[in-house]
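Here the structure comes first, spelled out in structure tokens, and everything after it is commentary.
Please read these numbers as outputs of a predicted model, since none were measured by experiment.
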Amino acid sequence: MVIFIVFMVFGLFLLFASFFTVKQQSSVVVERFGKFHSIRNSGLQLKIPVIDSISGRVNLRIQQLDVVIETKTKDNVFIKMKVSVQFKVIQEKVYEAFYKLEYPHDQITSYVFDVVRAEVPKLILDDVFVRKDDIAVAVKRELNEAMLSYGYDIINTLVTDIDPDIQVKNAMNRINAADREKTAAEFESEAQRIRIVAKAKAEAESKKLQGQGIADQRREIARGLVESVEVLNSVGINSQEASALIVVTQHYDTLQAIGADTNSNLILLPNSPQAGSDMLNNMVASFTASNQIGETMKNQPKRVKSKNDHTSTDFNPSDTSNPEDEV
């Protein structure tokens, strides 16, 4: 009875040891007495107990390996680059992936180091940022050629981080800030120039309009003076006396305007009580003397100058004759 129970237990052990399961997206390598026998895929599988053994399981899903490399650029700047490699085991080459390569991650890391340190020293720092996709393509190409024979397929390679030294980053930030400040200064200068030009145009237009206004004002003043003279002439006052009277009237109008402004600090000289009458007498006398001189010069006889006489003692301004024509 005991022997029967022992056989039953042993039989159940062998039965359970004969079956095993393989998860989805994975493969199992089965060896018989230490020698490769077969590769089993996902599902319920059968093996001979004791004789067959599971040597290992291979993951068929896409995996990612992040590799951080420190290297130097062409302009002697040390940077740290992070390269992410996405790869998977080819299902038809599980045997090569399991038996030919013991440490696939180390192998991939070595190839990434080799390619990056061969490509980056050809570029300056700015080009490394611009051409990071070219570096990723070069890494993928080299890895595909090297890892395909080991049963690995490189899906993609990505340069996910480029980290220069902290001093270099600070210098780059200062350069960028200075460039932006330069651009801002140029825009501010252009805006200032536009404001100055616009202000100058406005002032020019204002002066033009102001000049037109003054011209119109003086034209109206002159027209008013003409009308005033005509009115005074109509009552028997001649033109000289009328002009003097108008000037005196304007003089008193000016005095009245100055006195009306309490904050004015203007001083008008002369400002004596007889200044008005003196001004009127002087102007009348000046006009009279001017008329007399004009009449005398009109009535002065013409003098004939000798052809060879170039002196100005007998020169009459009103004489327009040519002495040479009279000889």
Side-chain angles (χ1 to χ4, degrees), residues 20-32 34-43 45 53-166 168-169:
F20 65 96
T21 58
V22 181
K23 293 182 178 181
Q24 185 68 30
Q25 288 298 102
S26 62
S27 295
V28 171
V29 177
V30 177
E31 294 180 349
R32 180 168 293 176
K35 182 181 179 181
F36 171 75
H37 178 261
S38 62
I39 295 175
R40 308 294 177 85
N41 295 319
S42 59
Q45 302 291 337
S53 62
I54 297 175
S55 179
R57 298 177 180 270
V58 179
N59 186 3
L60 300 180
R61 289 176 291 183
I62 296 176
Q63 304 176 60
Q64 178 169 308
L65 175 64
D66 294 329
V67 182
V68 178
I69 314 108
E70 184 176 10
T71 184
K72 185 181 74 170
T73 62
K74 187 177 182 179
D75 48 352
N76 297 322
V77 177
F78 283 90
I79 60 173
K80 288 184 179 180
M81 296 184 63
K82 182 179 180 181
V83 180
S84 298
V85 181
Q86 298 173 350
F87 64 95
K88 71 173 183 176
V89 177
I90 303 173
Q91 190 168 3
E92 293 78 15
K93 294 187 176 183
V94 174
Y95 176 86
E96 289 83 354
F98 186 78
Y99 285 103
K100 286 188 176 182
L101 201 60
E102 185 173 6
Y103 301 108
H105 288 188
D106 293 344
Q107 188 79 4
I108 293 173
T109 300
S110 298
Y111 276 106
V112 172
F113 267 80
D114 182 66
V115 175
V116 170
R117 287 181 172 174
E119 294 292 331
V120 173
K122 300 177 184 177
L123 307 173
I124 62 175
L125 180 60
D126 292 338
D127 290 341
V128 173
F129 285 92
V130 175
R131 301 179 57 183
K132 67 182 186 65
D133 291 338
D134 296 339
I135 299 173
V137 170
V139 172
K140 180 181 178 181
R141 182 176 60 250
E142 294 293 330
L143 281 177
N144 262 330
E145 294 177 359
M147 301 300 294
L148 190 62
S149 59
Y150 298 115
Y152 285 88
D153 181 25
I154 306 301
I155 304 300
N156 202 1
T157 56
L158 303 171
V159 178
T160 57
D161 189 22
I162 301 175
D163 186 19
D165 185 79
I166 184 64
V168 176
K169 288 195 289 186

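In this structure, the side chains of Val94 and Leu60 come closer than 4.5 Å at one or more pairs of heavy atoms. Here the side chains of Asn144 and Asp153 are in contact, with some heavy-atom distance below 4.5 Å. Between Arg40 and Phe20, the closest side-chain pair of non-hydrogen atoms falls below 4.5 Å. Between Glu119 and Val115 the shortest side-chain heavy-atom distance falls below 4.5 Å. At least one side-chain heavy atom of Pro164 sits under 4.5 Å from a side-chain heavy atom of Phe129.
Contacts of Arg32 classified as side chain to side chain contact (heavy atoms under 4.5 Å, CB included), with partners at least two apart in sequence or in another chain: His37, Ile48, Ile51, Asp52.
Scanning both residues, Ala97 and Gly151, for their nearest heavy atoms gives CB-O, 4.3 Å. Of all non-hydrogen atoms in Ser55 and Glu31, the two that sit nearest each other are OG-OE2, 3.0 Å. The two residues Glu70 and Arg117 have their closest heavy-atom pair at O-NH2, 3.1 Å. Minimum interatomic distance between Leu143 and Ile108 (heavy atoms only, all atoms of both residues): CD2-O, 3.9 Å. Scanning all heavy atoms of the two residues, the minimum distance from Asn59 to Gln25 falls at OD1-O, 3.5 Å. Nearest heavy atom pair, residue Thr73 against residue Val128, reads CG2-CG2, 3.9 Å.
One finds the OH atom of Tyr111 at 7.5 Å from the CE atom of Met147 (value rounded to the nearest 0.5 Å). Taking CD from Gln24 and CZ from Arg61, the interatomic distance works out to 10.0 Å, rounded to the nearest 0.5 Å. The distance from the CG atom of Asp133 to the NZ atom of Lys140 is 12.0 Å, given to the nearest 0.5 Å. One distance of note links CG of Leu125 with NZ of Lys74; it measures 13.5 Å at 0.5 Å rounding. Annotation: the span from Ile135 atom CD1 to Leu158 atom CG amounts to 13.0 Å, rounded to 0.5 Å. Rounding to the nearest 0.5 Å gives a distance of 9.0 Å between CG of Leu101 and CG of Asp106.
Each of Lys72, Lys132, Met81 was evaluated against Val120; a single residue qualifies, Met81, per the side-chain contact (heavy atoms from CB on, under 4.5 Å) test.
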Quick one: do Asp165 and Phe78 satisfy side chain to side chain contact (heavy atoms under 4.5 Å, CB included)? Show the steps, please.
CA-CA 6 Å; Asp165 185 79; Phe78 283 90; 5.7 Å; no
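Proximity of a side-chain donor or acceptor of Ser84 to a complementary backbone N or O of Asp66 within less than 3.5 Å is not detected. In this structure a side-chain-to-backbone donor-acceptor pair under 3.5 Å is missing from Ser38 to Val30.
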Using distance only, find each side-chain donor-acceptor pair of residues 86-93 under 3.5 Å and give its atom names and separation, not counting sequence neighbours.
unit_1	atom_1	unit_2	atom_2	d
Gln86	NE2	Gln64	OE1	3.3

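Within 6.0 Å of the OH atom in Tyr150, the count of heavy atoms belonging to other residues, nucleotides or ligands does not exceed 12.
In this structure, a donor-acceptor pair under 3.5 Å is present between the side chains of Asn41 and Ser27.
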